[in-house]
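Being a predicted model, the structure only gives us computed values, none of them experimental.
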Amino acid sequence: MLATAVGTLPSGPGWAYEFKWDGVRALLDITDRSARLTSRAANVVSGGYPELIAQAAGVGDALFDGEIVAFVDGRPSFERLQTRMHLRGTAEVVRAAAECPVTYVLFDVLRRYGVDLTGRPYAERRATLERFVADHPGWTLSPSFDDGPATEAVAHQHGLEGVVAKRLDSPYRPGQRSDDWRKLRFVRSGEFAVIGWEAAAEHPNTLSSLVLATMADTGLEYAGRVGSGLAGRVAAQIKTQLVEQAEPPVAGVPPPMRGRRLRWVQPHVVVEVEYAARTTDGRLRQPVFRGVRAGASIEEATGGG
């Protein structure tokens, strides 16, 4: 079941509010003989998280919905989780599990002891989850609250990704996006200098993404790439403002992905970008291009907060 994006949380006694976890959404299907983790893209990822599969042993028949999360200092870190997301070799996975343990944060139950619960209201499914965690103390349940503004304030305070509101009387709708679940994702924005552009090898003159940098005390520093929001006409207009140069304006920019070409430009164009978060080394997560900041200088390209 998928949530509908909103700009404001709904209010009233018919809603519950949960934190939005910055991890990997996954279904955990447990039978008497096996357990399997399946990603939102329907990929089986059990081999990457053996500690979660081991935790499921002896639980009994169940189908859970939840989030695989890596915590750093008590907060979810997608950056940290990425060190595990694509590992499948046994030795690599075992080593990574010791260095970067993960938690499966439960937030819904679709089946228990062979009984399909998807038609039951959220409040009833939540009560089932609470009883399960009470009987299995090693499991983590996503907290649920009845005060939307307070939940939003706490999520902001602790640097979480956002809040999800769930209608108490709503069924679980597998594979559907519903207004019964509404997600408020906190978005940051900032100004970034354009230091290059990329194109697909088969369309070498068509701009598909921008290479960005921010201004620090020591000069420009690489901040990542943005492609979302760059529609054809917008990309073409930006390209006319870019002046190419042979050398990179910034050191340490990772090479383009295979099948893509990178061209450097003079860093005089500043753009506004929205993003979910920045990694510890300043790279943007989930960036979306919003526009060119006409007249802005690169000294203003500080990346925002």
Show which side-chain atoms of residues 210-234 pair as donor or acceptor with protein atoms under 3.5 Å away, not counting sequence neighbours.
| residue | atom | partner | partner atom | Å |
| --- | --- | --- | --- | --- |
| Y222 | OH | R225 | NH1 | 2.6 |
| R225 | NE | E198 | OE2 | 2.5 |
| R225 | NH2 | E198 | OE2 | 3.0 |
| R225 | NH2 | P254 | O | 2.8 |

**Study point:** Under the salt bridge (Lys or Arg N to Asp or Glu O under 4.0 Å) test, residues paired with R111 that sit two or more places apart
**Key:** D29, D61
Review point. Run the side-chain hydrogen bond (donor to acceptor under 3.5 Å, both in side chains) check on S208 and R260 step by step: do they pass?
Key: CA-CA 10 Å; S208 60; R260 298 180 66 80; 2.6 Å; yes
Check your understanding: Is R182 reaching over with its side chain to a backbone N or O of D179, donor-acceptor style, under 3.5 angstrom?
Key -> yes
Check your understanding: Which heavy atom of A3 sits nearest a heavy atom of K183, and at what distance?
Key -> O-CE, 3.7 Å
Practice item. Please identify each residue that fulfils salt bridge (Lys or Arg N to Asp or Glu O under 4.0 Å) with R185, with sequence neighbours left out. Key: none
Practice item. Mark yes or no for whether S46, through its side chain, and L37, through its backbone, hold a donor-acceptor pair below 3.5 Å. Key: yes
Practice item. Measure the shortest side-chain to side-chain distance between R285 and D22 over non-hydrogen atoms and say whether it is less than 4.5 angstrom. Key: yes
**Study point:** Pairs flagged by salt bridge (Lys or Arg N to Asp or Glu O under 4.0 Å) wherever residues 266-278 is involved - sequence neighbours left out
**Key:** E274-R290
Check your understanding: Residues two or more places apart in sequence or in another chain: which of them pass side chain to side chain contact (heavy atoms under 4.5 Å, CB included) with A127?
Key -> R131
Which side-chain N or O atoms in residues 66-74 pair as donor and acceptor under 3.5 Å with protein atoms at least two apart or in another chain?
| residue | atom | partner | partner atom | Å |
| --- | --- | --- | --- | --- |
| E67 | OE2 | G23 | N | 3.1 |

Check your understanding: Can you check whether V250 reaches I195 side chain to side chain, under 4.5 Å on heavy atoms?
Key -> yes
Revision key, fill the gap. On a heavy-atom basis, the closest approach of A165 and L9 is CB-CD2, 4.2 Å
Exercise for review: List the steps, then state whether side-chain hydrogen bond (donor to acceptor under 3.5 Å, both in side chains) holds for S178 with Q176.
Suggested key: CA-CA 6 Å; S178 171; Q176 297 183 33; over 6 Å; no
Practice item. Tell me, with the steps shown, if F132 and V109 meet side-chain contact (heavy atoms from CB on, under 4.5 Å). Key: CA-CA 10 Å; F132 171 80; V109 56; over 6 Å; no
Review point. Taking the side chain from N43 and the backbone from V45, do they hold a donor-acceptor pair closer than 3.5 Å?
Key: no
Exercise for review: Output yes when a side-chain donor or acceptor of T103 lies under 3.5 Å from a complementary backbone atom of V105, and no otherwise.
Suggested key: no
Exercise for review: Can you measure from CH2 (W21) to CZ (R75) and round to the nearest 0.5 angstrom?
Suggested key: 12.0 Å
Check your understanding: Do the side chain of H136 and the main chain of A56 share a donor and acceptor less than 3.5 angstrom apart?
Key -> no
Point to revise | Summary of salt bridge (Lys or Arg N to Asp or Glu O under 4.0 Å) pairs that have at least one residue in residues 148-166, sequence neighbours excluded | key: E18-K166, K20-E161
Point to revise | Donor-acceptor contact present, side-chain Y17 to main-chain P149, <3.5 Å | key: no
Review point. Are more than 12 heavy atoms from other residues, nucleotides or ligands located less than 6.0 Å from atom CG of D146?
Key: no
Check your understanding: Can you tell me if Q245 uses its side chain to pair, donor with acceptor, with the backbone of E247 under 3.5 Å?
Key -> yes
Check your understanding: Above 12 or not: heavy atoms from other molecules or residues under 6.0 Å from CZ of R177?
Key -> yes
Review point. How would you list all residue pairs meeting ring pair (Phe, Tyr, Trp, His ring centres under 6.0 Å) that involve residues 146-170, not counting sequence neighbours?
Key: H156-F186
Check your understanding: Does W139 reach the side chain of L106, with side-chain heavy atoms less than 4.5 Å apart?
Key -> yes
Exercise for review: Quick one: which residue pairs count as a ring pair (Phe, Tyr, Trp, His ring centres under 6.0 Å) with a foot in residues 89-117, not counting sequence neighbours?
Suggested key: none
Point to revise | ring pair (Phe, Tyr, Trp, His ring centres under 6.0 Å) partners of Y172, counting only residues at least two apart | key: W181
**Study point:** Residues clustering with Y122 (ILVMFWY side chains joined when closer than 4.5 Å, directly or via others)
**Key:** L168
Check your understanding: Can D65 and R25 be said to form a salt bridge (charged side-chain N to carboxylate O under 4.0 Å, His left out), step by step?
Key -> CA-CA 8 Å; D65 193 354; R25 179 90 175 268; 2.7 Å; yes
Check your understanding: Sequence neighbours excluded, which residues qualify as salt bridge (Lys or Arg N to Asp or Glu O under 4.0 Å) partners of E244?
Key -> R263
**Study point:** Short side-chain to backbone donor-acceptor contact, T128 and E124, under 3.5 Å
**Key:** yes
